[in-house]
Protein chains: 2
Amino acid sequence: MTKPRDERSGAAGVDPEQLWLRPAEPRRGRRPSFSREEIVAAAVALADTEGLEAVTMRRVAAQVGSGAMSLYSYAPDKETLLELMVDHVSAELTDTDPPSGDWRADLKAVAHRQRVHMLRHRWLPAALSTRRVPGPHTLAFLEHALAVLRPTGLDGAAKLEVFAQLTAFVAGQVAYEVAQSTAARCPDRAAAEARYLAAVAADGHHPELAEALAAPGRPLTPEATFTRFLDRLIDGLDTG
Amino acid sequence: MTKPRDERSGAAGVDPEQLWLRPAEPRRGRRPSFSREEIVAAAVALADTEGLEAVTMRRVAAQVGSGAMSLYSYAPDKETLLELMVDHVSAELTDTDPPSGDWRADLKAVAHRQRVHMLRHRWLPAALSTRRVPGPHTLAFLEHALAVLRPTGLDGAAKLEVFAQLTAFVAGQVAYEVAQSTAARCPDRAAAEARYLAAVAADGHHPELAEALAAPGRPLTPEATFTRFLDRLIDGLDTG
DNA sequence: TCTATTCTCGTACACTGTACGGAAAAGAGG
DNA sequence: CCTCTTTTCCGTACAGTGTACGAGAATAGA
């Protein structure tokens, strides 16, 4: 990792006008051998199957059959490639029904779509955790969410805030859910952790933990927990 | 980055029993020149002032005045050092009053403490996003949270779930809040983004966005938004 | 003093993002 | 046709990463 970019430690990112409102075609010079779409799709495929840490410039390039440095003709840096990836998969969210009028139900549906979307692309919560400029597909989905929120009568800033916070909420829940499920996939690690917690509970200084581990209750499905939290959150939202 | 560890791609992490329940002292061989506490504190200081990406083995070592490889006598790898950092700062959360009996108020106080804690250590949301085994300080705070939840009558698994989800919620909100504030610190970037959004809004395909930007309403403070969401979440929680 | 054990840390290696610059390809103008 | 300009392609190089290895230093028990 090296960042000899001129940017000083403040914020990063590329001019969104140059990125998303591209000047179409320069019609001069060598024709590109690849498309941005193709490269971003390869990066997404890599992240989907092997995780975000497998997305390196060299591996993406190998996937599309180019040299590593060629990618820099399509995205100015890796950070931007990640932004493109996020917007690329957001295209899966843009086939939306018009709002039904019951904004709470519609908003819950929005959140559920986001959840299954993030579960399909498990790297999304991590990729969303840094600030990004919304691309066209993200904006299309935002447009839908704003339409859903229209009956609330909230003002502009409040509607945007609700959408952002809801997305952060879903990302947090999915990140936790994904962490849980990958931890459970490794039984000896899980067993070691259980032994450790049992040892802590047995030391006498953690009576509440001891009791919680002793009386576990029936196991909860992540989806049910998500739905319960989400319902509480949205049912309680003030209108106007 | 290289991970020639024997672990196969499944899960990572170190045996928590060996990590947290350490055998005290071996009383043989060369005496350690540093303490784990000292090293972890240096890493935390680095993360607090320069961000998580400044926490490299070499920089931490330089901070405590050792060679980079010496750190591996105190933590088996960087991942573990991060776990130690998380638990280290969690010590700031362990001076808790006993539950008042009003569990909703107590739980809101827990979340607010977590929020200011994460705002003090802005790298925490990112560090928490991967699965970690709770260390002693984290367990002490968990013990408090479980005590707070006692009046709810929830079973063990449900109480643990509520705590985990609440933590994920707070982390998500704080991550968003931090991203917002660092973006606002760079005025030309913010202006470029505003121009971009205005251009999108003006294209006629985003009427809701156009209206939201045109009627912004008065600006919201992050804390007020957090409180509103949190209250809705907790007031709506079912009891047992 | 010898030996076992532990910590210290210089060196080395595989890997990262990316600056640089030359070569290749394509259109425009002669 | 040749050039000029512009754009893409990509090999090479470099600074910086986590960490394996192993030689040396320090300490405790024999």
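No hydrogens, no waters, no symmetry mates; every other heavy atom, side chains included, goes into these values. Please read all numbers here as calculations on a predicted model, not as lab measurements. To find a chain, count down the sequence lines: A is the first, B the second, and so on, and within it residues start at 1.
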Any base atoms under 4.0 Å from [X], or only sugar-phosphate, or nothing? Heavy atoms, all strands.
X	value
B/Ser73	base
A/Ser70	base
B/Gly67	sugar-phosphate

Quiz item: Does the side chain of B/Tyr72 get closer than 4.0 angstrom to OP1 or OP2 of C/dC9 through an N or O atom?
Solution: no
Quiz item: Can you check whether A/Arg30 has a side-chain N or O nearer than 4.0 Å to OP1 or OP2 of D/dT5?
Solution: no
Exercise. Using heavy atoms to find the nearest nucleotide of DNA chain C for B/Tyr74 and B/Gly29 separately, return the residue whose nucleotide is more 5′.
Key: B/Gly29
Exercise: do [X] and [Y] side chains pair donor with acceptor under 3.5 Å:
X	Y	result
A/His144	B/Glu208	no
A/Thr80	A/Asp77	yes
A/Arg31	A/Ser33	no
A/Asp48	A/Trp123	yes

Looking at the side chain of [X], which of [options] is the nearest nucleotide?
X	options	answer
A/Met69	D/dT7, C/dC20, C/dG17	C/dC20
B/Arg58	C/dT6, C/dT18, C/dA12	C/dA12
A/Thr56	C/dA25, C/dT16, C/dT18	C/dT16
B/Arg28	D/dG29, D/dT7, D/dA25	D/dG29
A/Ser66	D/dT17, D/dC10, D/dC9	D/dC10

Practice problem: Between B/Glu53 and A/Phe34, name the one whose nearest nucleotide on DNA chain D is closer to the 5' end. | Solution: A/Phe34
Quiz item: Where each residue is assigned the nucleotide of DNA chain D containing its nearest heavy atom, which of B/Arg31 and B/Lys78 is assigned the position nearer the 5′ end?
Solution: B/Lys78
Rounded distance in Å - [atom1] ([X]) to [atom2] ([N]):
X	N	atom1	atom2	result
B/Met57	C/dA12	CE	P	20 Å
A/Ile39	D/dT8	CD1	P	11 Å
B/Asp77	D/dT17	CG	P	17 Å
A/Leu71	D/dG11	CG	P	12 Å

Practice problem: Check whether any side-chain heavy atom of A/Lys78 lies under 4.5 Å from a side-chain heavy atom of A/Met57, and answer yes or no. | Solution: yes
